[in-house]
Amino acid sequence: MMLVGLTGGIGSGKTTVAHMFVELGVPVFIADIEAKRLMNSSKVIKRKLIQLFGNKAYNFDDTLNRSYIASIIFNDKEILQKMNAIVHSKVGKRFKKWTLKQDAPYVISEVAILFENDSYKNYDSIVTVTASDDQRIQRVLKRDTTSEEKIKAIMRNQWPEEDKIKLSNFVIYNETLEDTRVQVQILHRKLLKKAHKH
């Protein structure tokens, strides 16, 4: 079975692309959903995050204090990296277990940070979803209650698009849904061919 990493910066539309692959029958693991689940359910992760962020890391009802953590990591790359190291090694283990249950020529893991922690080396192929900065900002403004400044701060914390593209096997330019769907269908056929040779 071939492992495909799917990534892209904030607002690039990687989750939309992931759903398009699901529609084609490809098993897709969404790392962000698993990360959120683990941050609320894993005692080990909770303990480490409280050590990193202090007692305010969790609300009174024991759920992750997302807005508090976001306010810190947006301005501190080092703490962001430490948090990612705590959470994403566990997510990686969950992905490995999940792959054992799948029966398909290839599977996809949709991961926001694939290059930042060198985990891209664990995949047979990397797909990066990209779009213009303006489009990405507009999408996030529509989706989240946030400001343009906050979005730009997140973008600055993420790897530059051109660096991701250089290390990718395939790139999807997500400008319009119709065009993106066509690109996904073409890429699906290429990945199936590659998986059969794998």
Side-chain angles (χ1 to χ4, degrees), residues 1-36 80-81 84 87-140 143 151 154-198:
M1 185 192 290
M2 191 170 76
L3 305 182
V4 178
L6 175 70
T7 194
I10 185 170
S12 62
K14 64 184 176 299
T15 304
T16 301
V17 168
H19 288 307
M20 288 178 183
F21 277 104
V22 170
E23 285 166 13
L24 294 169
V26 181
V28 177
F29 178 90
I30 310 280
D32 273 3
I33 291 174
E34 190 59 32
K36 282 171 191 164
L80 173 63
Q81 283 168 349
N84 286 336
V87 179
H88 286 281
S89 63
K90 281 261 191 193
V91 174
K93 283 174 189 165
R94 286 292 167 98
F95 173 63
K96 277 182 186 168
K97 275 187 184 173
W98 175 86
T99 57
L100 298 173
K101 296 174 187 169
Q102 306 310 314
D103 180 27
Y106 75 93
V107 296
I108 287 176
S109 178
E110 187 224 294
V111 193
I113 51 159
L114 199 60
F115 300 112
E116 289 85 340
N117 58 9
D118 267 4
S119 63
Y120 73 96
K121 292 171 183 171
N122 302 330
Y123 296 90
D124 302 300
S125 279
I126 302 292
V127 180
T128 289
V129 182
T130 190
S132 69
D133 286 359
D134 284 347
Q135 242 188 333
R136 290 168 62 200
I137 289 164
Q138 289 313 308
R139 281 174 189 159
V140 182
R143 186 187 73 194
I151 300 164
I154 296 169
M155 286 165 86
R156 281 194 296 272
N157 265 336
Q158 294 181 333
W159 260 44
E161 293 296 284
E162 49 287 6
D163 291 354
K164 288 178 188 170
I165 288 166
K166 275 179 204 164
L167 289 171
S168 300
N169 304 90
F170 305 100
V171 181
I172 288 176
Y173 295 93
N174 180 24
E175 300 296 333
T176 69
L177 278 176
E178 298 76 22
D179 187 46
T180 299
R181 198 175 293 281
V182 171
Q183 290 179 69
V184 167
Q185 287 164 348
I186 292 166
L187 180 52
H188 176 54
R189 289 195 289 271
K190 285 181 183 174
L191 289 169
L192 284 173
K193 268 188 193 172
K194 199 173 174 183
H196 289 306
K197 287 178 189 169
H198 183 65

A.B. asks: Going through the checks in order, is the side-chain contact (heavy atoms from CB on, under 4.5 Å) test met by Val129 and Leu6?
C.D. replies: CA-CA 8 Å; Val129 182; Leu6 175 70; 3.7 Å; yes

A.B. asks: Who passes ring pair (Phe, Tyr, Trp, His ring centres under 6.0 Å) against Tyr120, sequence neighbours left out?
C.D. replies: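 If we apply the ring pair (Phe, Tyr, Trp, His ring centres under 6.0 Å) test to Tyr120, skipping adjacent residues, the hits are Phe115.
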
A.B. asks: Would Asp134 and Gln138 satisfy side chain to side chain donor-acceptor pair (under 3.5 Å), going step by step from the backbone distance to the final call?
C.D. replies: CA-CA 6 Å; Asp134 284 347; Gln138 289 313 308; over 6 Å; no

A.B. asks: Would you give the length of the straight line joining atom CG of Leu114 to atom OG of Ser119, rounded to the nearest 0.5 angstrom?
C.D. replies: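 Separation between the atoms: 4.5 Å.
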
A.B. asks: Using salt bridge (charged side-chain N to carboxylate O under 4.0 Å, His left out) as the criterion, point out the one residue from Arg94, Lys93, Lys96 that pairs with Glu34.
C.D. replies: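 Going through the options one by one, the only one that passes is Arg94.
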
A.B. asks: Who are the ring pair (Phe, Tyr, Trp, His ring centres under 6.0 Å) partners of Tyr106, not counting sequence neighbours?
C.D. replies: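 If we apply the ring pair (Phe, Tyr, Trp, His ring centres under 6.0 Å) test to Tyr106, skipping adjacent residues, the hits are His188.
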
A.B. asks: Any side-chain heavy atom of Leu191 within less than 4.5 Å of one from Phe170?
C.D. replies: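 Touching, per the 4.5 Å side-chain cut-off.
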
A.B. asks: Please evaluate residues Lys194 and Lys197 with respect to the criterion side-chain contact (heavy atoms from CB on, under 4.5 Å), reporting the C-alpha separation (whole Å), side-chain torsions for both, the decisive distance (0.1 Å), and the verdict.
C.D. replies: CA-CA 5 Å; Lys194 199 173 174 183; Lys197 287 178 189 169; 5.9 Å; no

A.B. asks: How many angstroms lie between OG1 in Thr180 and CG in Asn174, if you round to the nearest 0.5 Å?
C.D. replies: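 Rounded to the nearest 0.5 Å, the OG1-CG separation comes out at 3.5 Å.
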
A.B. asks: For Ile151 and Arg136: C-alpha separation, side-chain torsions, deciding distance, then whether side-chain contact (heavy atoms from CB on, under 4.5 Å) applies.
C.D. replies: CA-CA 9 Å; Ile151 300 164; Arg136 290 168 62 200; over 6 Å; no

A.B. asks: Going by heavy atoms in the side chains, are Val171 and Gln183 under 4.5 Å from each other?
C.D. replies: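 No, side chains not in contact.
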
A.B. asks: If you take all heavy atoms of Gly9 and Gln158, which pair is closest and at what distance?
C.D. replies: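 Taking every non-hydrogen atom into account, CA-OE1, 3.3 Å.
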
A.B. asks: Please find the pair of heavy atoms, one from Met155 and one from Ile10, that lie closest to each other, and give the distance.
C.D. replies: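 Between these two residues, the closest heavy atoms are CG-CG2, 3.6 Å.
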
A.B. asks: Tell me, yes or no, whether the heavy-atom count around Asp103 atom CG, taken from other residues, nucleotides or ligands under 6.0 Å, exceeds 12.
C.D. replies: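 Atom CG in Asp103 is not packed in, count stays at 12 or less.
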
A.B. asks: Please give me the minimum heavy-atom distance between Ala195 and Pro105, naming the atom from each residue.
C.D. replies: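 Answer, listing the atom of Ala195 first, then Pro105: CB-O, 3.4 Å.
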
A.B. asks: For Glu23, give me all partners under salt bridge (Lys or Arg N to Asp or Glu O under 4.0 Å), at least two apart in sequence or on another chain.
C.D. replies: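 Here the qualifying residues are Arg181.
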
A.B. asks: My understanding is that only residues two or more places apart in sequence, or in another chain, count here; which of them pass side chain to side chain donor-acceptor pair (under 3.5 Å) with Lys166?
C.D. replies: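 Per chain and number, Lys166 pairs via side chain to side chain donor-acceptor pair (under 3.5 Å) with no residue.
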
A.B. asks: State, with a plain yes or no, whether a side-chain heavy atom of Val127 is found less than 4.5 Å away from one of Ile172.
C.D. replies: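 In short, these two side chains touch, coming nearer than 4.5 Å.
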
A.B. asks: Does Glu110 use its side chain to pair, donor to acceptor, with the backbone of Thr7 at less than 3.5 Å?
C.D. replies: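 Looks like no, no N/O pair under 3.5 Å.
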
A.B. asks: Looking at CG of Leu100 and NZ of Lys97, how far apart are the two atoms once the value is rounded to the nearest 0.5 Å?
C.D. replies: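 NZ of Lys97 is found 9.5 Å from CG of Leu100.
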
A.B. asks: Picking from Thr99, Ile108, Asn122, what satisfies side-chain contact (heavy atoms from CB on, under 4.5 Å) with Leu3?
C.D. replies: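 Result: among Thr99, Ile108, Asn122, Thr99 is the only option passing the side-chain contact (heavy atoms from CB on, under 4.5 Å) with Leu3.
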
A.B. asks: At what distance, to the nearest 0.5 angstrom, does CZ of Arg139 lie from OG of Ser12?
C.D. replies: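 Arg139 CZ to Ser12 OG: 7.5 Å, rounded to 0.5 Å.
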
A.B. asks: Apply ring pair (Phe, Tyr, Trp, His ring centres under 6.0 Å) to His88 and list each qualifying residue two or more places apart in sequence or on a separate chain.
C.D. replies: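 Scan of His88 (ring pair (Phe, Tyr, Trp, His ring centres under 6.0 Å), adjacent residues dropped) gives none.
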
A.B. asks: Taking side-chain contact (heavy atoms from CB on, under 4.5 Å) as the definition, give me every residue that meets it alongside Gln81, ordered by chain and number, with sequence neighbours left out.
C.D. replies: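 Residues passing side-chain contact (heavy atoms from CB on, under 4.5 Å) with Gln81: none at all.
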
A.B. asks: Rounded to the nearest 0.5 Å, what's the gap from CG on Leu192 to CE on Met2? Could you check?
C.D. replies: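 It is 8.0 Å, given to the nearest 0.5 Å.
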
A.B. asks: Atom CD in Glu175, atom CD in Gln135: separation rounded to 0.5 Å?
C.D. replies: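 If I round to the nearest 0.5 Å, the distance is 4.0 Å.
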
A.B. asks: Quickly, which of Tyr123, Phe21, Trp98 forms a ring-ring contact (aromatic ring centres under 6.0 Å, His included) with Phe29? Name it, please.
C.D. replies: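 Only match with Phe29 under ring-ring contact (aromatic ring centres under 6.0 Å, His included): Trp98.
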
A.B. asks: For side-chain contact (heavy atoms from CB on, under 4.5 Å), just list the numbers for Val87 and Val91, CA-CA rounded to whole Å, side-chain angles, deciding distance to a tenth of an Å, and then say yes or no.
C.D. replies: CA-CA 6 Å; Val87 179; Val91 174; 4.0 Å; yes

